[in-house]
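Worksheet: one structure, shown below.
Just follow the structure's listing: the first ligand is 1, and inside any ligand the first atom is 1.
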Amino acid sequence: MTEISALKAGLIADIEAADTLDALEGLRVGALGKNGVVTGLLKTLGGMSPEERLEKGPPIQDLRESVTAAIAERKAALEQAALDARLASEKVDMTLPADLGPQGSVHAVSQVMDELAEIFADLGFSVATGPEIEDDWHNFTALNIPETHPARAMHDTFYFPDEEGQKKMLLRTHTSPVQIRTMESFVASGQEPPIRIIAPGRVYRSDSDATHTPMFHQIEGLVIDKGITLGHLKWTLETFLKAFFEREDIVLRLRPSYFPFTEPSVEVDVGYTLTNGQRVIGGDGDAPGGGWLEVLGSGMVNRRVIEACGLDPDEWQGFAFGTGVDRLAMLKYGMNDLRAFFDGDLRWLKHYGFSALDVPTLSGGVGA
Ligand code: PHE
């Protein structure tokens, strides 16, 4: 009996003194493992007579339980200490000296949105916003996409669960509902066009791979006035793309396309040339080694859309366009994996990020 109490005291002292998880695991194997001392004692119970077992069984069982409990307790303490050490070593020091200057950087998406706002402000556009949680009417119906329209299937929409007596809600699949909200607010406040807005923001589609993320960013443009034509659209896009890519040799290719909310609809490609095996925006895409990249969807605002917002389409016309901000950033700054935009990896941000103090201006160059 005293032998077992001595063994127990020794094991527990060792366990309490173990200063690493590895050392503790070594002790556990030595006591409770297949060939451990405690396991060995437990095995002797099988060969004992009932009387002997009655006498020796309880202290052996008690030994096993005490050792198991001591190991568990020590293990929890060591793990807590390891966590505390990690937390202490990883802490953010809020008292870093201010004379180091700002350590953060502006994300490429924010930078490009600022650049776009600056470029379009110069052309007389203001910035409009709308909700990311949108209703079905603004995201689809008012944009001439009725319930049965195949374009709804094209959008891989995230819908919210239906609620009794509530409008059908969704995460907006594009920034085009801001067109509707802007025209509505003009009508509601008794203001007359001209309307010239851009609407940057987050949009959502159930789609995910190297070039698609379920949340991405678009920017919408809308002009409503009298006598607006495709010529105005083309000039505006050309002026914007020249300012954005900071090159005079931007060549656009307009292709007929289809969007329910524009008629006619135009897809816009921009020419690139290969320089050292890299696609560089600029130049005639039809030149040898060149090509075209699709950058925008656009068109003349469909009269049904103008009407749905309460404006008279015989009096007011306009154009609209929409494009992906993430994609524009990738093209301008030579990034190749969209997923890196969302990793928050400091090394990527340091490499591609922009100084918070370097605000894009047309006079200083929008490209930072
Ligand atoms: N909303 C369209 C899209 O997400 C883009 C677009 C906007 C096309 C405005 C035409 C006019 O693909």
- [ ] Measure the distances from the heavy atoms of Arg205 to every atom of ligand 1 and state whether one is below 4.0 angstrom.
- [x] yes
Open item on the list: Once you measure the plane-to-plane angle for His149 and Tyr258, does it fall in the parallel (<30°), tilted (30-60°) or perpendicular (>60°) bin?
Closed with: parallel
TODO: Please work out whether the ring planes of Phe140 and Tyr159 are parallel, tilted or perpendicular, with thresholds of 30° and 60°.
DONE: tilted
Task: Trp316 six-ring face occupied by Lys226 cation (under 6.0 Å, within 45°) - done: yes
Open item on the list: How far is atom 9 (C) of ligand 1 from the closest protein heavy atom, and which atom is that?
Closed with: Glu220 OE2, 3.3 Å
Task: atom 2 (C) of ligand 1 [closest protein heavy-atom partner, distance rounded to 0.1 Å] - done: Phe261 CZ, 3.7 Å
TODO: Tell me whether the centres of the aromatic rings in Phe321 and Phe120 are closer together than 6.0 Å.
DONE: yes
Task: Geometric N/O contact Thr262 with ligand 1, under 3.5 angstrom - done: no
TODO: Enumerate the atoms of ligand 1 whose separation from the nearest heavy atom of Ser176 is less than 4.0 angstrom.
DONE: 1 (N), 7 (C)
TODO: Mind running side chain to side chain donor-acceptor pair (under 3.5 Å) on Thr173 and Asp156 for me, showing each step along the way?
DONE: CA-CA 8 Å; Thr173 57; Asp156 303 314; over 6 Å; no
Task: Distance filter under 4.0 Å to Ser298 heavy atoms, resulting ligand 1 atoms - done: 8 (C), 10 (C), 11 (C)
Task: Within-4.5 Å side-chain heavy-atom neighbours: Leu349 and Val106 - done: no
Open item on the list: Tell me the protein heavy atom at minimum distance from atom 5 (C) of ligand 1, and give that distance in Å.
Closed with: Gly322 CA, 4.1 Å
Open item on the list: Distance under 4.0 Å to a non-hydrogen atom of Gly297: what atoms of ligand 1 satisfy this?
Closed with: 6 (C), 8 (C), 10 (C), 11 (C)
Open item on the list: When you compare the side chain of Met215 with that of Glu132, does any pair of heavy atoms fall below 4.5 Å?
Closed with: no
Open item on the list: Under a 4.0 angstrom heavy-atom cut-off, which atoms of ligand 1 come close to Gln218?
Closed with: 3 (C), 4 (O)
